[in-house]
Amino acid sequence: MMMNCLQSWPEPIVRVQHLSDTAGIKNGVIPDRYVKKPTDRPHPEGADHNINIPVVDMAGLYSGEAATREKTAALIDEACREWGFFQVVNHGVSHALMGRVQEVWREFFKLPLEEKQKYANTPATYEGYGSRLGVEKGASLDWSDYFFLNYLPLSLRDPSKWPSHPPSCRELVGEYGEQVHQLCGKLMKIMSQNLGLREDDDLAEAFGGESELGACLRINYYPKCPQPHLALGLSAHSDPGGITILFPDEEVAGLQVRRGDHWITVKPIAKALVVNLGDQVEVVSNGRYKSVEHRVIVNSQKERVSLAFFYNPRGDMVIKPADHLVTEESPPLYPPTTYNQYRLYMRMRGPRGKSQVDSLNLTNTTTTTTTPDLHNYTS
Ligand code: OGA
Ligand code: NI
């Protein structure tokens with residue numbers, strides 16, 4: 001039964017791009033499935049436009065001046081504690097490559113539907129062209145399509161599943177992944193130092209070791225929406241994995257980060273990358289660092305494309321608070337869970353705020369653990 005759910009979608013898949021482009025929408029009214037309940041809608045009065053998430057110049061980490069290195073590390077530590085989100089500049093990823101990879105994915109989404117359908121995905125692995133997260137029949141849907149691919153470990157990388165058009169797509173994804181992966185390595189080191197772990201690679205080791213780690217890329221495509229005040233491009237969620245490196249659309253804002261009761265709209269800086277911490281960093285850091293809820297709003301004027309690179313623990317790695325961060329005064333806040341088990345929640349239920357990591361939190365006695373038990377599931 002569970003296996004069946006994961007092997008196929010519970011109902012026919014509708015491409016949001018198709019709804020947006022064609023007569024799928026009558027009189028500019030979006031289908032009910034995409035209409036959020038009033039409390040989830042992006043009310044402009046709940047958004048704060050005057051503040052932005054922190055911006056960190058990564059060059060400072062490699063400065064000849066010790067004071068600059070320390071200041072930069074402290075900025076990153078503060079951003080990890082207080083925000084769970086920051087933008088980085090001088091991040092080491094080639095700007096020209098970023099431009100090309102963004103362009104190639106825009107072109108992919110412009111291809112005729114039949115061409116993209118060749119890559120239609122299933123919930124078994126999510127790899128390929130998709131239009132929903134979660135497999136619950138009748139669930140509320142988000143205003144986006146995406147392409148999801150496995151980048152690491154190498155045993156899961158299969159470029160023949162990546163688009164063959166545009167012709168440069170596979171090569172560019174390979175290069176982009178390599179450079180963003182290096183950036184993740186640098187961030188993992190600095191976070192290990194900032195958390196006071198014993199070795200620079202302790203965080204990477206907690207995730208299963210640099211050569212075994214997982215990484216995947218989701219290219220999000222948010223078509224124009226005739227009723228943007230009723231819909232979301234991506235519902236509120238925290239990312240289940242380790243760290244996410246997001247390359248947002250430089251021309252069209254859409255990403256919002258929760259700050260208390262407000263949503264902050266991230267103002268994209270040209271060729272900057274957005275770093276956000278996922279639930280596994282919250283767990284390993286025993287709550288010192290927090291994954292933070294975010295969502296995407298859409299608009300009626302412009303489509304939006306973003307690239308999210310997810311850097312994750314090895315699937316079968318048991319993730320738990322680092323020994324070094326567990327003391328008598330600071331008992332473990334989260335029980336050990338493998339990452340494969342953990343991520344099933346998102347794969348089954350779709351984006352649901354921070355409900356999963358919060359339900360695991362051992363100090364939170366009002367909720368029960370709701371991670372689906374899917375021992376049959378392999379990927
Ligand atoms: C995600 C995500 C934000 C965006 O893919 O998990 O949060 O701006 N994306 O597309
Ligand atoms: Ni996200």
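As the structure lists them, so they are numbered: ligands from 1, and atoms in each ligand from 1.
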(request) Report yes or no: does R295 have a heavy atom closer than 4.0 Å to ligand 1? (result) no
(message) With the threshold set at under 4.0 angstrom, would you say Y146 reaches ligand 1 through any of its heavy atoms?
(response) no
(message) Could you check whether any side-chain heavy atom of D249 comes within less than 4.5 Å of a side-chain heavy atom of P268, counting everything from C-beta outward?
(response) no
(request) Just jot down the ligand 1 atoms closer than 4.0 angstrom to any heavy atom of V296, in number order. (result) 3 (C), 4 (C), 8 (O), 10 (O)
(message) List ligand 1 atoms under 4.0 Å from A308, heavy atoms only on the residue side.
(response) 5 (O)
Considering only heavy atoms, does [X] approach ligand 1 within less than 4.0 Å through its side chain, its backbone, both, or neither?
X    : result
F310 : side chain
D239 : side chain
T244 : neither

Side chains of [X] and [Y], donor plus acceptor under 3.5 Å:
X    : Y    : answer
E293 : S238 : no
H181 : E210 : yes
Y334 : E282 : yes
Y129 : Q117 : no

(request) May I ask you to decide if the ring planes of Y311 and F207 are parallel, tilted or perpendicular, using 30° and 60° as cut-offs? (result) tilted
(message) To 10 degrees, how wide is the angle OD1 (D239) to the Ni ion (ligand 2) to NE2 (H237)?
(response) 90°
